[in-house]
Amino acid sequence: MPADGPARVRFAPSPTGWLHIGGARAALYNFLVARQTGGQFILRIEDTDRKRFQPQAEQDFMDGLRWLGLEWDEGPDKGGPYGPYRQTERAHLYRQYAEQLVEQGHAYYCFCSPERLAKLREEQRRKKLPPRYDGHCRHIPPEEAKRRVEAGEPHVIRFKTPREGSITVHDLIRGDITVANKDIDDYILLKSDGLPTYHLAVVVDDHLMRITHVLRGAEWLGTFPLHGHLYRAFGWPEPVWVHLSTFLKPSGKGKISKRDADVFRKGHKSVLIRDLRAFGYLPEAVNNWMALMGWSYDDRTEFFTLDDLIAKFSLERLKPSPAAVNFKKLDHFQGLHVRALEPGDLARRLVPFFHRAGYPQVTAADLLPIVPLIQTRITTLDEAPQMAGFFFRPQVSPKPEELVPKGLTPAQALEVARRALAVLEALPDVRAETTEPPLRALVEELGLHARQVFGLIRVAVTGQRVSPPLFESMEILGRETVLQRMRQAVTLLETLAQQEAAA
RNA sequence: GCCCCCAUCGUCUAGGGGUUAGGACACGGGCCUUUCAAGCCCGCGGCCGGGGUUCGAAUCCCCGUGGGGGCACCA
């Protein structure tokens, strides 16, 4: 069931690192809700943490999102009616709302130093008590607090969490969550640098930006009750809340650490969108893969395009349980989407990978005839140059010993090569229909297996033991190149046979 | 230590009071075959444990256990 009415949703990352699949999947789901309801998808940069800020992160988010096809309607680069869309550019707003809460008795000024707080926590840890603010500044008379603030004394603003009772908040896929107020800290809303913490900023911005659905990571479940308190203190209507399941490492044991991420990258796998893109994964495959971690459509459908997802996604079918990432499954979807591409489309997408691999002159037109030969054989696009580079190299360098088929001596291999060369030289062209019958006849005549003869020609002509289909490959290479490479193979085998005889 | 969330094959999941518990990836075998793939067929493999409710529980409830998240002037 699509959410009713146009939804306003957002992806609100903190610019502290690269876009990864956790964030990208949240962005995807938000995007889907916006598109399927005819609403808006907003990109908001939550850059209030100046210590962890990384200047290149924002661009990485935008590049990654655009690559995935998740274009936003409002954001820092394109503006919109509820901007600005970077929290540091909205800084003036937050103090005003924090002070409103102070005036209404929902928050208070706190003058405790970080040192005092650290000491407090240390004591609590030693006594095995939950680390929480002790309320030291909670009862400072408002006039006195105000005086100290005006005198320039460093301070923060804390939420005055009720001491009694409990709060119940509602998550769409988890239902009601009730937490005792005594278990909720007096969280800091406004830091001493005047910038808001996440808790204040997210609530103020989501309200001001008219956000209707908040789909965010499950790591926010812990402070969800605080957010509920804030909405109620402000007297604002709450959005629909959905906390998305977390991703676990492939073993299913534990969350993915920085260290794990580095190990993945060594194995040509990654949780970073920029890496997946560089490795040659298709955005279609990445979206399909991410969508199905924590969501399903029915008991059998797994192949989804972005348009399919827009049509079929539903919040109700989200799963609350954590999901282990499965890179093998990503490869599976990659294969599916690579094969689903029009050859011309695949050819175009392959071009940059050939350029990067050292074939700067290759064009999509050059690639077009080759695509049918490799479309079922590649997983990531960066495998294509390795598999089909021999089409574009002026010459190949087969290993002489690889020219010798299993079960034959170098001398026998030489004879096979000479006979095959003679057959090819006698032919008017190297079209597959032209070359295959006489070469099969040769196999017959020599009393060998097809794999022995064709294997030799394959290595001779492609320089590789594993290659796209032989006859079609020769056709694309052309008669001159094929004959030249076969002659080279004969020469190589002559040398090898001589060495063998001498030994 | 405290709080919160979660729990179906190794993994992602469908189902949800009475099903031979379905699909996908992976894995094993076979077919096809000039290599490698792709494709097709077959197979392996699961309801965390214990109590309750019920004629009947994988499904509902409780308790364990396990996993995850949080307990910052980080998000």
Side-chain angles (χ1 to χ4, degrees), chain A residues 12-16 46-49 51-52 110 112-114 117-118 121 124-125 127-132 154-158 171 174 177-180 182-185 187-199 201-202 216-225 243 245-248 250-255 289 292-303 317 319-333 335 339 373-379 387 436 439-440 443 449-459 462 464-471:
Chain A
S14 180
T16 54
E46 309 220 330
D47 55 350
T48 56
D49 183 350
K51 293 187 201 83
R52 295 198 305 156
C110 171
C112 293
S113 67
L117 264 18
R121 266 197 298 278
Q124 287 164 332
R125 191 171 20 248
K127 292 181 189 158
K128 296 205 184 289
L129 290 168
R132 266 200 257 299
H155 64 278
V156 301
I157 294 179
R158 286 182 183 272
D171 176 280
R174 280 164 245 263
I177 296 167
T178 300
V179 177
K182 68 172 170 55
D183 293 322
I184 304 172
D185 205 354
Y187 285 95
I188 288 172
L189 302 179
L190 198 77
K191 301 183 275 185
S192 57
D193 65 2
L195 288 172
T197 58
Y198 171 84
H199 313 297
V202 77
R216 62 185 352 178
E219 64 269 23
W220 295 112
L221 236 22
T223 46
F224 182 21
H243 292 87
S245 61
T246 44
F247 286 154
L248 271 27
S251 61
K253 290 272 181 186
K255 61 166 185 175
W289 177 58
L292 258 18
M293 286 192 281
W295 177 82
S296 64
Y297 176 63
D298 61 16
D299 64 340
R300 50 196 68 253
T301 315
E302 292 217 312
F303 182 89
R317 295 192 63 87
K319 243 182 111 88
S321 45
V325 303
N326 184 346
F327 290 113
K328 292 259 178 62
K329 194 103 184 189
L330 169 60
D331 284 345
H332 166 69
F333 284 122
R339 276 170 256 138
L373 306 188
I374 63 172
Q375 196 156 13
T376 60
R377 276 168 251 267
I378 55 169
T379 302
M387 181 174 297
E436 185 164 356
L439 285 172
R440 283 198 186 276
V443 168
H449 294 292
R451 56 187 306 135
Q452 293 176 300
V453 176
F454 297 166
L456 187 159
I457 303 173
R458 178 189 312 285
V459 174
T462 70
Q464 304 165 187
R465 270 201 156 123
V466 173
S467 83
L470 179 59
F471 300 105

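Please read these numbers as outputs of a predicted model, since none were measured by experiment. In the text below, chain A, chain B and the rest are named by the order of the sequence lines, each starting its count at 1.
- Remark: G45(B) base-pairs with no nucleotide; criterion is Watson-Crick or G-U wobble with both hydrogen-bond distances under 3.5 Å.
- Counting non-hydrogen atoms under 4.0 angstrom, Y187(A) reaches nothing in the nucleic acid.
- Using a 4.5 Å cut-off on side-chain heavy atoms (C-beta onward), T246(A) and K255(A) make no contact.
- Nucleotides G67(B) and G10(B), compared at atom C1', are 16 Å apart to the nearest Å.
- Taking the C1' atoms as reference points, C73(B) lies 48 Å from G15(B), given to the whole Å.
- Close to C36(B), at under 4.0 Å from its OP1 or OP2, lies no side-chain N or O of R377(A).
- Remark: R132(A) is not in phosphate contact with G1(B), judged by side-chain N or O atoms under 4.0 Å from OP1 or OP2.
- Side-chain atoms of T197(A) come within 3.5 Å of backbone atoms of I188(A) as a donor-acceptor pair (strictly under, hydrogens ignored).
- Of the candidate nucleotides A38(B), C73(B), G1(B), A38(B) has the atom nearest to the side chain of T376(A).
- A21(B): no Watson-Crick or G-U partner with both key distances under 3.5 Å is found in any strand.
- A heavy-atom distance below 4.5 Å is not found between the side chains of L470(A) and L439(A).
- For the OP1/OP2 pair of A14(B) and a distance below 4.0 Å, the side-chain nitrogens and oxygens of S296(A) include at least one atom meeting the criterion.
- In this structure, the CD atom of E302(A) is 11 Å from the P atom of A14(B), given to the nearest Å.
- Across every strand in view, C36(B) sits unpaired, with no contact that passes the Watson-Crick or G-U test at under 3.5 angstrom.
- For the pair E46(A) (side chain) and V202(A) (backbone), a donor-acceptor distance under 3.5 Å is absent.
- Taking 3.5 Å as the limit, the base of C5(B) and the side chain of R174(A) contain no donor-acceptor pair of atoms between them.
- For F471(A), the listed nucleotide lying nearest its side chain is U34(B); candidates were G1(B), U11(B), U34(B).
- Look at T197(A) and you won't find any side-chain N or O under 4.0 angstrom from OP1 or OP2 of A75(B).
- Within 4.0 Å (heavy atoms only), P13(A) reaches no atom of the nucleic acid at all.
- Environment of CZ in R451(A): sparse, with no more than 12 heavy atoms of neighbouring residues, nucleotides or ligands closer than 6.0 Å.
- Between T301(A) and I177(A), it is I177(A) whose nearest contact on RNA chain B lies nearer the 5' terminus.
- When heavy atoms are screened at a 4.0 angstrom cut-off, T48(A) is found touching the sugar-phosphate backbone but no base atom.
- No more than 12 heavy atoms of other residues, nucleotides or ligands lie within 6.0 Å of OH in Y297(A), so this atom counts as exposed by the packing criterion.
- Two residues are said to be in side-chain contact when any heavy atoms from C-beta on lie closer than 4.5 Å; P131(A) and R125(A) fail this criterion.
- You'll find that the side chain of P320(A) is closest to C6(B), out of A24(B), U34(B), C6(B).
- You'll find the side chain of S296(A) reaches within 4.5 Å of the side chain of R317(A), heavy atoms only.
- At whole-Å resolution of the value, CG in L330(A) and P in A24(B) are 19 Å apart.
- Side-chain proximity of V179(A) to C5(B), C3(B), A75(B): nearest is C3(B).
- Counting non-hydrogen atoms under 4.0 angstrom, R52(A) reaches a base of the nucleic acid.
- When the C1' atom is used for both G43(B) and A26(B), the distance is 14 Å, rounded to whole Å.
- If you check every strand for non-hydrogen atoms under 4.0 Å, G217(A) touches nothing.
- Base pairing analysis places C60(B) opposite G52(B); the two distances defining the Watson-Crick or G-U wobble pair are each below 3.5 Å.
- What separates CZ of R465(A) from C1' of C36(B) is a distance of 13 Å, to the nearest Å.
- Taking atom CD1 of I378(A) as the reference point, atom P of C36(B) lies 18 Å away to the nearest angstrom.
- P154(A) comes within 4.0 angstrom of no nucleic acid atom, judged by non-hydrogen atoms across all strands.
- Look at CG on L195(A): it is 9 Å from P on A75(B), rounded to the nearest Å.
- For U11(B), neither phosphate oxygen OP1 nor OP2 lies less than 4.0 angstrom from any side-chain nitrogen or oxygen of K253(A).
- As a whole-Å value, the separation of K319(A) NZ from G16(B) P is 12 Å.
- Counting any heavy atom pair closer than 4.0 Å across all strands shown, G335(A) reaches no nucleic acid atom.
- For the pair V443(A)/H449(A), no side-chain contact is recorded, criterion being any heavy-atom separation below 4.5 Å from C-beta on.
- The side chain of R440(A) lies closest to U34(B) when the candidates are G22(B), U35(B), U34(B).
- At a cut-off of 3.5 angstrom, counting only N and O atoms as typed in the model, there is no donor on one side facing an acceptor on the other between the side-chain of S14(A) and the base of A75(B).
- The CG-P distance, from N326(A) to A24(B), rounds to 15 Å in whole Å.
- Using a 4.0 Å heavy-atom cutoff across all strands shown, T16(A) reaches no nucleic acid atom at all.
- Using a 4.0 Å heavy-atom criterion, one finds that E46(A) contacts the sugar-phosphate atoms exclusively.
- In this structure, R125(A) reaches neither bases nor backbone, as no heavy-atom distance under 4.0 Å exists between it and the strands shown.
- Distances were taken from every side-chain heavy atom of P130(A) (C-beta onward) to each of G1(B), C5(B), C12(B); the shortest belongs to G1(B).
- No donor-acceptor contact under 3.5 Å links the side chain of K329(A) to the base of A26(B).
- The side chain of K191(A) places an N or O atom within less than 4.0 Å of a non-bridging phosphate oxygen (OP1 or OP2) of A75(B).
- At the phosphate of G39(B), OP1 or OP2 sits under 4.0 Å from a side-chain N or O atom of R339(A).
- Ranking C25(B), U35(B), C73(B) by closeness to the K328(A) side chain, first place goes to C25(B).
- Mapping D183(A) and P131(A) onto RNA chain B by nearest heavy atom places D183(A) closer to the 5' end of the strand.
- Among the heavy atoms of the strands lying under 4.0 Å from S192(A) is at least one base atom, whether or not backbone atoms are also near.
- Counting non-hydrogen atoms under 4.0 angstrom, P468(A) reaches a base of the nucleic acid.
- Contact annotation: K51(A) side-chain N/O to C73(B) OP1/OP2 distance is not under 4.0 Å.
- Residue R317(A) is in sugar-phosphate contact alone, with no base atom involved, counting any heavy-atom pair closer than 4.0 Å across all strands shown.
- Going from the C1' atom of G1(B) to that of C44(B) covers 45 Å, rounded to whole Å.
- Distances from the side chain of R158(A) to the nucleotides C73(B), A75(B), G22(B) place C73(B) closest.
- N326(A) places a side-chain N or O within donor-acceptor distance of the main-chain N or O of K328(A), the cut-off being under 3.5 Å.
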